[in-house]
Amino acid sequence: MEKRVRVRFAPSPTGGLHLGGVRTVLYNYLYARANGGDFVLRIEDTDQTRFVKGAEEYILDCLKWCGLMPDESPVVGGPYAPYRQSERKEMYREYAMQLVGQGHAYYAFDTTEELEEMRRVLKTDEHSSVQYDHNTRKRMRNSLTLSADEVNDLLNNGTPYVIRIKVPENETIICNDMIRGNVMFDSNLVDDKVLLKADGMPTYHLAVVVDDYLMKITHAFRGEEWLPSAPVHLLLWQYLGWIADMPQWAHLPLILKPDGNGKLSKRDGDRLGFPVFAMNWYDPAKDETTMGFREMGFMPQAFVNMLAMLGWNSGEEKEIYSLEELVEKFSIERVHKGGAKFDFEKAKWFNNQYIQLTDNETLADLVMPYIAEHGHNPSRELLVKVIALVKDRCTLLPDFWAQGSFFFTTPETIDETLIRDAKWNENKELFFAAWMDKLNELADWTDVAIEQSAIELLPAFTLKKGDIMLPLRIMLVGGKFGPGVYHIAELIGKAETMARIKRVIG
RNA sequence: GGCGUGUUGGUCAAUCGGUUAAGACGCCUCCCUUUCACGGAGGAAUGACGGGUUCGACUCCCGUACAUGCUACCA
């Protein structure tokens, strides 16, 4: 019988949730949903020095915003609780001891200074980095070089120690990856990674294997930066006797910075002016907030869609997919091997597309906060009408204010130079004065009727339709932008229209 | 330095040996619009480089270059 598909997202609560992190969540989520499986969230908080308070809640909030909620997590629990590694501390020791007993791991008593000394002494021009491996372990203080009595003494004295994996010599370790195929490693080049730290906490390597086994994870999708440590994990699965249950791996390509080289970092966002985190992240240590996609005015559906297409492609020309469609179309085999540079312009395009696709009523709910932010509280009816008029020129949610503020309030400043540029003359001034009287009498206040009244009056001043449109626009909106002028006049109403004209011609 | 991974236009990318090498973003030109957009029509790649294999290669193999990741008692 086929095993039930179970995937997990296992972040460390150390800061904001990065674009790449959300994409990893997405691919996991899509795979679980497509296969009727479970998606679990496990918090990997084994490094107490990097733990940041609030980060776990923040991650959950991001997943919620994106609509990618886990089936099992520290907050909703599940059959394999606890889901926080710090709360599973004792389990790891048990397995580490098992490995020591089997001779697949050993105690190492080397201090930080001794390790540094070893690396310094052994470092050569050829090898700028020296690792603790099958070779160097022979000259260090560990249970492989010390006698059993010495080891027992050290242990009894409470000497700090770590447990390291004993990587075998002269073996080829083959790791199968769902998107890269077989990747081979020479065991002589793999180092004896620490499994259990001196503080009793496991390192990632031990914890990820133990938990994936205990939580019955069938597929493990993680960032490409983990590929080099895959052989250690494979060895652990083997030594612990669980190789038949080892999940299938897929190492996802990195998301790179748009310019230059390297993977995308928070700094790039600050530098280039775009967000890197899903939502605003407040760093309590530095007392500073980093802008998120949500606060910048992205719709979660657009954000998720954009991420899905960064490193994966269905093979069709279509680019706009709902989450349901993604579940149906997504396949891990079509995920790219190479990293992709992040393009903020394209990200904005996705949002623009979603704005056009979203009905005006729904949009009204999303846009309202941005209008309220400027101290206005328009009726829903008005807001919906405004949205209908300006949505095709809005890319991010705050654009609705920038593109439509003049519907809610008289423009603060009128750029009179723009009117002069529009060949302002006495003739036009006289026209507007006369038109005001006509408008005042106009019973049918619709864009068509307003325009008609202007057209009827124009010949008397030897003016053409186009002569007055720009001046009128500037009087009404304050600048050279916005929907059709007569539509604007209709929406803001007779009194306001006349007031704005009067304000300019006096 | 070592090891791993990767390399189709500025960017995201299709193509699973035979096509005029799709499409999208961005850019440029024009049309529409006497605003700004939307929309429409166009423009821009000798597929990192060099060798093979093959009747035929962007597609397979090798090498080189470049990029990127790891090389912590961090994940």
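Values in this document were obtained by computation on a predicted structure and should not be read as measured data. Letters go in sequence order (proteins before strands), and every chain restarts at 1.
No N or O donor and acceptor, one from the side chain of A:Lys193 and one from the base of B:A72, sit under 3.5 Å apart.
The aromatic rings of A:Phe303 and A:Phe293 sit tilted, their planes meeting at an angle between 30° and 60°. Taking the six-membered ring where tryptophan is involved, the planes of A:Tyr204 and A:Trp226 are essentially parallel, since the angle between them stays under 30° and well short of 60°.
Counting any heavy atom pair closer than 4.0 Å across all strands shown, A:Ser12 reaches sugar-phosphate atoms only and no base atom. Counting non-hydrogen atoms under 4.0 angstrom, A:Gly479 reaches nothing in the nucleic acid. At a threshold of 4.0 angstrom between heavy atoms, the contacts of A:Gly466 include nucleobase atoms, whether or not backbone atoms are also involved. Among the protein residues, A:Ala198 comes within range of the nucleic acid bases, having at least one heavy atom under 4.0 Å from a base atom. When heavy atoms are screened at a 4.0 angstrom cut-off, A:Thr46 is found touching the sugar-phosphate backbone but no base atom. At the heavy-atom level, A:Arg334 lies under 4.0 Å from the strands shown only through sugar-phosphate atoms. Within the 4.0 angstrom heavy-atom criterion, base atoms lie near A:Lys464. The residue A:Phe350 sits apart from the nucleic acid: no heavy atom pair falls under 4.0 Å.
A:Tyr321 pairs with exactly one of A:Gln301, A:Glu328, A:Glu316 by the side chain to side chain donor-acceptor pair (under 3.5 Å) rule, that one being A:Glu316.
Taking atom C1' in both B:U7 and B:U64, one finds a spacing of 13 Å when rounded to whole Å. B:G39 and B:G47 are spaced 33 Å apart, taking the C1' atom of each and rounding to whole Å. Nucleotides B:U19 and B:C12 have their P atoms positioned 26 Å apart, rounded to a whole Å. B:A13 and B:A41 are spaced 26 Å apart, taking the P atom of each and rounding to whole Å. On the C1' atoms, B:G69 is 24 Å away from B:C62, given to the nearest whole Å.
In this structure, A:His205 NE2 and A:Leu196 CG are separated by 13.0 Å, a value rounded to the nearest 0.5 Å.
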